[in-house]
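Since we're looking at a predicted model, the values are computed, not measured.
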Amino acid sequence: MGITIFNRLFATVYALAILALFYHHTKKLLCSPTLVSFSINLALSLSDFVLTFMWISTQTFRMCPVYRKQFPENVEKVVKRSDFPALDVFICTADPYKEPPIGVVNTALSVMAYDYPTEKISVYVSDDGGSALTLFSFMEAAKFSTHWLPFCKKNNILVRSPEAYFESSHPCTSETEKIEVRYFKIIYVMYRSMKAKVEHALEKGEVDDRFITGLDQQHEIFNKWTDNFTRQDHPAVIQVLLDASKDKDIAGNLMPNLIYVSRGKCKALPHHFKAGALNALLRVSSNMTNAPIILTLDCDFCSNDPRTLLRAMCYLCDPAIRSTLAYVQFPQIYRGINKNDIYCGEYKRLFVINTMGMDGVEGPNYVGTGCFFRRRAFFGSPSSLISPEIPELSPDHVVDKPIQSQSVLALAHQVADCNYENQTDWGSKIGFRYGSLVEDYYTGFRLQCEGWKGIFCNPERPAFFGDVPINLADALNQQKRWSIGLLEVGFSKHSPATFGVRSKGILMGLGYAQLAFWAIWSIPITTYAFLPQLALLNRVSIFPKVSEPWFFLYAFLFLGAYGQDCLDFVLAGGSVQRWWNDQRFWHIRGVTCYLFGSIEFFLKFLGISASGFTVTSKAVDAEQSKRYEQGIFEFGVHSPMFVSLTLAAIINLISFSQGLVEVFGGNNLEGLFVQMFISGFAVVNSWPIYEAIALRNDTGKMPIKTTIMATLLAGALYMAASFIFK
């Protein structure tokens, strides 16, 4: 409560300082003696306007954050275990080489082993790459799961992802003092055998017949992978790998349902990326199991707490709120982040600080994974059900046929076909929403605008753990895709700044707008990365002198923003070192993925190019992993984003060096102090780049091609600036 009051008081003072800043900008614009000085003041005014907009929208997250606590042990006091609602789990994967199947298998096994009636769990795996390797992997996983699930429950294991469990230094929490060694070794050998088969198939690029000999039904399914079967063009493939009505584990208990789904695709029709895959799962599951609760998971997000579903049920089964509750969102938390989080992979602000702030208004945004939905939320507003085109897809449909019956499988293939959505409401009024590369953000936003609410659940023990990108190119490409997708929403007819404010009020509208216009951070960051430095090189002062009162306004705005940001970060459990790397990566994003994402979006907007969905690699390279653990930035490959980043680093180093030479030469640079400070600050933040250019010999160093291109561009930029500033 105390920090909330402080934030509100500080916001009032800071807002007055911003008003004074714009008074100063207006005065300088009106008094500009030349076109060059007018243009410089206009660029700075525009940059500060963007910073102001982003600051105002950020205040939404600071006004009334909510901290919740759950008591899952009380769920059975309210709902009988036999009356627990069924759960459908959607796991999406798209490329077996970027998203290794063994990782996807671990995700599925971790949720199949929930502390929940297993016959009420159905796991649907969407293979959007249409790979026989993924199907084979899950055939092996299905066999292993009959041993793994009873092992977990008998020994009360908390970490139910086999890979994470066997790597853990604290393998179990058991009522007995330790697991029987023989049993442990058997399970371990079985897992290693399964993993070896899966990785062998992946390395070979095909499924070896000897691994599926004797299983005629399983062998037959692979006949669908003909020469005409490609990842962009193929019929729907649906295979029931485990059937909860008849398959049992080694202890005699019923197993969860496990269903492989590869929706049909055709090059001539749009497939809408991940949103299309999720809608295919929504239709297939409606026909086969139609559980009232749905959990969406990325392929690398393993369960870390077997009681997570019970935590979600604390809200989903609450009669006071369930009529308008669409989803319960858990935070994205990543394992394997190095000590100081050099790539800002923790996303503490995005997935914790901001989300708690939105939860205090009308609910958090949906972040794509670790989210429990009510199926009903995908079919219209709380007060108005939108019926799908066939009754079998309705959330009220009662499944009364076995999932492997001919009629059920036939309809499942029909609704997973690439032509099915033509002339329907899927993607517009029903299901996950189309129109953006970030289907999670857009879907959550649209659901809330329809009257649904969300809840943020952030337990002390992380509910899920995901894998973080361990090289810079993957981290930036992922955020470039997010930037493009968010701008698609920001400049659509459903823009949070207009439609959102009208539908949900000023606070929620601004909260969603802060995310939608994430990429426009590139305007002030790029401006301040180049303009003051080029002016400094030409000895042109564009900021107040140290002796002038306006200088103290700039100092307050800078120190106030950075100080409050650091305070928020540390109070949310972060360290000062991680905060420093977080702000450094914010600057890096500004001249790379935000900038290129904005350019790519506007080119697409003008019809010049089209953006695609790039899968973030989850594959691990040993050398890259070692450098990441040591906190060393990974460049290694040439990229246009690395060129702009290196260009900014070179310009700032040259301008700061020249400023130091002038100072040691006895020249008075009082009017250029702010520019020198900005250059020096950028130089400190750019140390990993200088190190990669000049001090490293490993394969992750900055490519020579990138350095040469950036140097030539720096020279051209300097000459152009010299001509303009004359």
Which residues pass the side chain to side chain donor-acceptor pair (under 3.5 Å) test with Asp698, sequence neighbours left out? Arg696
Under the criterion side chain to side chain contact (heavy atoms under 4.5 Å, CB included), I'd like the reasoning laid out for Gln329 against Val367: C-alpha separation, chi angles, the key distance, then a yes or no. CA-CA 8 Å; Gln329 177 67 65; Val367 298; 3.1 Å; yes
Under 3.5 Å, is there a donor on one side chain and an acceptor on the other for Glu167 and Tyr165? no
Give me the ring orientation class for Phe543 and Tyr528: parallel if the planes are under 30° apart, tilted from 30 to 60°, perpendicular past 60°. parallel
Mind checking ring pair (Phe, Tyr, Trp, His ring centres under 6.0 Å) for Trp586 and listing every partner two or more places apart, or none if nothing turns up? Trp521
Between the side chains of Tyr594 and Arg589, does any donor sit under 3.5 Å from an acceptor? yes
Any luck finding a side-chain donor-acceptor pair between Asp474 and Asn477 under 3.5 Å? no
Donor + acceptor pair across side chains of Arg578, Asn581 (<3.5 Å): no
Side-chain donor-acceptor pair under 3.5 Å between Arg627 and Thr699, yes or no? yes
Between the main-chain N or O of Ala164 and the side-chain N or O of Ser168, is there a donor-acceptor pair closer than 3.5 Å? no
Would you say the side-chain atoms of Glu163 and Tyr191 include a donor-acceptor pair closer than 3.5 Å? yes
If you count the non-hydrogen atoms of other residues, nucleotides and ligands that lie under 6.0 Å from CD in Gln630, is the total more than 12? yes
For Met54 and Thr58 the tightest heavy-atom approach is O-OG1, 2.6 Å
All heavy atoms of Ser483 vs all of Cys593, minimum pair found to be OG-O, 4.1 Å
Compare every heavy atom of Leu487 with every heavy atom of Ser598, then report the nearest pair and how far apart it is. CA-CD1, 3.8 Å
With no hydrogens and no angle check, do the side chains of Gln577 and Asn340 hold a donor and an acceptor under 3.5 Å apart? no
Does the ring centre of Tyr441 sit less than 6.0 Å away from the ring centre of Tyr512? yes
Selection residues 466-491 - residue pairs positive for ring-ring contact (aromatic ring centres under 6.0 Å, His included), sequence neighbours left out: Tyr347-Trp482, Phe491-Phe517, Phe491-Phe601, Phe491-Phe602
Under the side chain to side chain donor-acceptor pair (under 3.5 Å) test, which residues partner Ser161, sequence neighbours left out? Asn106
Examine the side chains of Ser303 and Ser110 and answer whether a donor and an acceptor come within less than 3.5 Å of each other. no
Applying ring-ring contact (aromatic ring centres under 6.0 Å, His included) as the test, list every pair that has at least one member in residues 624-647; sequence neighbours left out. Tyr343-Tyr628, Tyr343-Phe633, Phe635-Phe642
Would you please name every residue forming a ring pair (Phe, Tyr, Trp, His ring centres under 6.0 Å) with Phe725, sequence neighbours left out? none
In terms of heavy-atom contacts, Ala475 and Pro469 come closest through N-CB, 4.0 Å
On a heavy-atom basis, the closest approach of Val591 and Leu595 is O-CD2, 3.8 Å
Are Tyr562 and Phe558 near enough that their ring centres are under 6.0 Å apart? yes
Looking only at the side chains, is there a donor atom on one of Ser679 and Ser655 sitting less than 3.5 Å from an acceptor on the other? yes
Looking only at the side chains, is there a donor atom on one of Glu346 and Tyr334 sitting less than 3.5 Å from an acceptor on the other? no
